[in-house]
Amino acid sequence: MSGKALHQFLSENLEELKSKGLYRKLPVVTGPTGPRCIINGKEVINLSSNNYLGLANDPRLKEAAIKAIEKYGAGSGAVRTIVGTLDIHEELEEKLAKFKKAEAVIAFQSGFNCNMGTVSALMTKDDAILSDELNHASIIDGCRLSGAKILRYKHSDMDDLRRVIKEAKESNQYKKLMIITDGVFSMDGDIAKLPEIVEIAEEFEAFTYVDDAHASGVLGKNGSGSVSHFGLYGKVDCQIGTLSKALGVVGGYVAGTKELIDWLKLRGRPFLFSTALTPADAAAALKAVEILSESPDLVEKLWENARYFKDKMKGAGFDIGHSETPITPVIVGDEAKCMQFSDELFKEGVFAQGIAFPTVPRGTARVRNMITASHTKDMIDEAVEIYKKVAEKMDIL
Ligand code: PMP
């Protein structure tokens, strides 16, 4: 490809995005991304962060990170398999395994890496993956990379899953079958039907893979995830979590049997070929796991705030979809109107991201709200009042 052809490719595609209103500049945060923060120079109530428990700004995590930098330095210096494994990486994995009540854990540098590396290490072109149609991009990319046949089922539709897996099983074409799902779906805030998924997997001799990115720190005992939420210990083969959302830092992990984790340490390509989590990240994440293991307080506060916000928004007449978690969409429908709604909210002092096609189906554009444990009731009241004011002005309610 000549430089000219590349230029043509880029300019045509960028123009197309601009013409569809999908070209957006990155919002820039000055200072901590707390419940109230400065975005593009304006102080706003932040309803878009995955920092569910406020741990990203917790003094205990900051202190752990600073101490780790002083002890180990800024970087880990190598991939885990060469000389990048620090004692705190192993301590983090041991504490996470205990927290998840799993035999073992392997930590990756991000949740995205974790899905890419894990799915591609477990599945091959001889296998088939049953994948919920609303699964996260990192799951989709991991599935593609594996070369396995991808069979999508309708979102959380257990009859459709059963139909697709039955066909796959009866075809006798595949060596392994895997059912893969988000634990909590990030656009609607609904929870995967894990008990039914596990039952179907047992019936058709498939194994199960759950990505708990939005369930970690949110669902189950002390926020230990969807397996705990449903009491399905030992029934889900592969549990993914991220350290970047409720746990407040960065990184991802897999929890499962010792055999599974051994295999991923030998075949998980991001683990093998990308530099290990920094000392500061590992130490701060370790502190976050310790805090959660010791007390349910932050998780309880998160749910109290989420219920308070949802009740108020529903009471004001907003359509908040069928969310079962702190992720609260406000469905607008029309894409342009939704983006304008988000812009107007920002002008009035609320940062809540507008989300449109192709991230969500056409006609279901929404402003997505993430309530956290660190929002105060006053902030939530203020945000709801701003929502009402802007909605009235834009004729949305
Ligand atoms: N899985 C899901 C379901 C997610 O929502 C995300 C984050 N958007 C990821 C994986 C990726 O996690 P990370 O940000 O840690 O890379």
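Being a predicted model, the structure only gives us computed values, none of them experimental. Just so you know, residue 1 is the first one in the sequence shown, and it goes up from there. When a ligand or atom number is given, it counts from 1 through the structure's own listing order.
- Distances below 4.0 Å separate heavy atoms of Ser244 from the following atoms of ligand 1: 13 (P), 14 (O), 15 (O).
- Of all the atoms in ligand 1, the ones that sit under 4.0 Å from a non-hydrogen atom of Phe112 are 11 (C), 12 (O), 13 (P), 16 (O).
- The pair Glu90-Lys95 does not meet the salt-bridge criterion, since no charged nitrogen lies less than 4.0 angstrom from a carboxylate oxygen.
- Near Asp182, meaning under 4.0 Å from one of its heavy atoms, ligand 1 places the atoms 3 (C).
- Every atom of ligand 1 with a heavy atom of Ser138 under 4.0 Å away is listed here by number and element: 1 (N), 10 (C).
- One finds no salt bridge joining Lys287 and Glu63 here, because no Lys/Arg side-chain nitrogen approaches an Asp/Glu carboxylate oxygen to under 4.0 Å.
- Between the side chain of Glu348 and the backbone N or O of Ile386, no donor-acceptor pair lies under 3.5 Å.
- Considering only non-hydrogen protein atoms, atom 8 (N) of ligand 1 sits nearest to Lys245 NZ, 3.0 Å.
- Within the structure, the closest approach of Gly252 to ligand 1 does not fall below 4.0 Å when heavy atoms are considered.
- Closest heavy-atom approach to atom 1 (N) of ligand 1 among the candidates Asn135, Asp211, Ile240: Asp211.
- Atom numbering of ligand 1 starts at 1 in the shown order; those under 4.0 Å from a heavy atom of His214 are 5 (O).
- Screening Asp237, Leu122, Thr118 against Leu260 for a side chain to side chain contact (heavy atoms under 4.5 Å, CB included) leaves a single residue, Leu122.
- Inclusion of Gly111 in the set of residues having an N or O under 3.5 Å from an N or O of ligand 1 is warranted.
- For the residues Val210, Asn115, Thr242, the heavy atom positioned nearest atom 15 (O) of ligand 1 is part of Thr242.
- Closest to atom 9 (C) of ligand 1 among all protein heavy atoms lies His136 CE1, 3.4 Å.
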Could you go step by step and tell me if Arg366 and Val330 meet the side-chain contact (heavy atoms from CB on, under 4.5 Å) rule? CA-CA 5 Å; Arg366 78 271 322 261; Val330 169; 5.8 Å; no
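- The ring of His375 has its center no closer than 6.0 angstrom to the ring center of Phe309.
- With ring centers used as reference points, Tyr253 lies 6.0 Å or more from Phe108.
- Looking at Thr242, its side chain never comes within 3.5 Å of a backbone N or O of Val250 through a donor-acceptor pair.
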